[in-house]
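Treat the numbers as computed from the prediction; the structure is a model and nothing was measured. Order of appearance sets the numbers: ligands from 1, and atoms from 1 within every ligand.
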Amino acid sequence: MSGDPDTAFQYRSDGRLLHLLTLRDMPAAMITGILDRAQALAEGGRPHAGRGILGNLFFEPSTRTRCSFEIAAAHLGWHVVTVAAGTSSQVKGETLADTVQTLATMGVTAFAVRHEESGAALEAARAAPEGVAVINAGGGSADHPSQGLLDALTVRREKPDIASLSVAICGDVRHSRVARSDVQVFSALGVTDIRLVGPSELLPEEAPAGCTPVGDMNAGIRDADVIVMLRIQTERMQKASIPEPSEYHRHWGLTRERLALARPDCLVLHPGPMNRGVEIADEVADGPRSRVLQQVRNGILTRMALLEALAGA
Ligand code: CP
């Protein structure tokens, strides 16, 4: 386990998960345990009955993650309360910590926190009373751990020998929390060929250990087993550095012709929301190699497994 306070903070003294803030340095056995449980649920396993209340704190837009946590909680028999930016007392100056403590006092047992600030989930976890879990549901450009886990589940269900795969993560890697969580989860599961593919201004200034930056789309996806496409995250960029969409598509978009360079059974993932005609062509998004909707289904299973684990099941 890392000595880093952010990562150490998410574990109990016996090593079990207390919060899910990041996949950074998460032991492979813990990742595998969550994926195994999600897989068991996919195969008809009965959810553990619970009495939880999920507090969905979404201070940044979301369709998939917010609804996925709501539906996962409903499948477990939990209640859900949702607090959204613009309609919460945050607009009157309430701090995130006060929001967490207020809702925990009402009986919320776990929070899913989406925020533009990378450190918001940690702040919520520090404020949460003992026994109340916090899940980072996407923070800034740093972490989106439940997305990383559901992406790994989506790949593992079709390609169980995950360590042998070549994974290309393409597009706006620099501003992507999904890219970071995907690199962490695939690295932990033993993948050694992880390529970060995109124009230099959209790649990290320093590639994470074990990743290969590739500045050419065709070279980056050649013989890949898995391609993860990312949208350009304009909300985290300077206006001047946003590429023109049709030009971007020409150089970096995943088209049917380009996909033919990857392995014939290559899986195409995209965390969504997709910008069709920019990073991905319709024919690929809706084509036979696309696993976008499987990711959505697996998201519910993964979040059920996570809520169970955090509730101590
Ligand atoms: N994948 C993802 O985080 O999508 P949303 O922003 O719609 O939640």
Any side-chain heavy-atom pair from Met30 and Tyr11 closer than 4.5 angstrom?
->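 In contact.
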
Determine whether the side chains of Glu279 and His270 contain a donor N or O and an acceptor N or O closer than 3.5 Å.
->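 Indeed, the side chains of Glu279 and His270 share at least one donor-acceptor pair under 3.5 Å.
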
May I ask you to establish whether Arg126 and Phe9 are in a cation-pi arrangement, using a distance under 6.0 Å from NZ or CZ to the six-membered ring centre and at most 45° from the ring axis?
->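 Satisfied, under 6.0 Å and within 45°.
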
Decide if atom CD of Glu206 counts as having more than 12 heavy atoms of other residues, nucleotides or ligands within a radius under 6.0 Å.
->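 Incorrect, the count does not exceed 12.
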
Around Arg12, counting heavy atoms of other residues, nucleotides and ligands shown, do more than 12 lie under 6.0 Å from its CZ?
->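 Yes - once you tally the heavy atoms of other residues, nucleotides and ligands closer than 6.0 Å, there are more than 12.
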
Enumerate, one pair per line, all nitrogen or oxygen atoms of ligand 1 lying under 3.5 Å from a protein nitrogen or oxygen, stating the separation to 0.1 Å; write 'none' if no such pair exists.
unit_1, atom_1, unit_2, atom_2, d
ligand 1, 1 (N), Gln147, OE1, 3.0
ligand 1, 1 (N), Pro271, O, 2.8
ligand 1, 1 (N), Gly272, O, 3.4
ligand 1, 3 (O), Thr65, OG1, 3.0
ligand 1, 3 (O), Arg114, NH2, 3.0
ligand 1, 3 (O), His144, NE2, 2.9
ligand 1, 4 (O), Arg64, NE, 3.1
ligand 1, 6 (O), Arg114, NH1, 3.1
ligand 1, 7 (O), Thr63, N, 2.8
ligand 1, 7 (O), Arg64, N, 3.0
ligand 1, 7 (O), Arg64, NE, 3.2
ligand 1, 7 (O), Arg64, NH2, 3.0
ligand 1, 8 (O), Ser62, OG, 2.6
ligand 1, 8 (O), Thr65, N, 3.0
ligand 1, 8 (O), Thr65, OG1, 2.6
ligand 1, 8 (O), Arg114, NH2, 3.1

From Ile135, Leu103, Leu54, residue fulfilling side chain to side chain contact (heavy atoms under 4.5 Å, CB included) relative to Phe111 =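 Output: one option passes, namely Leu103.
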
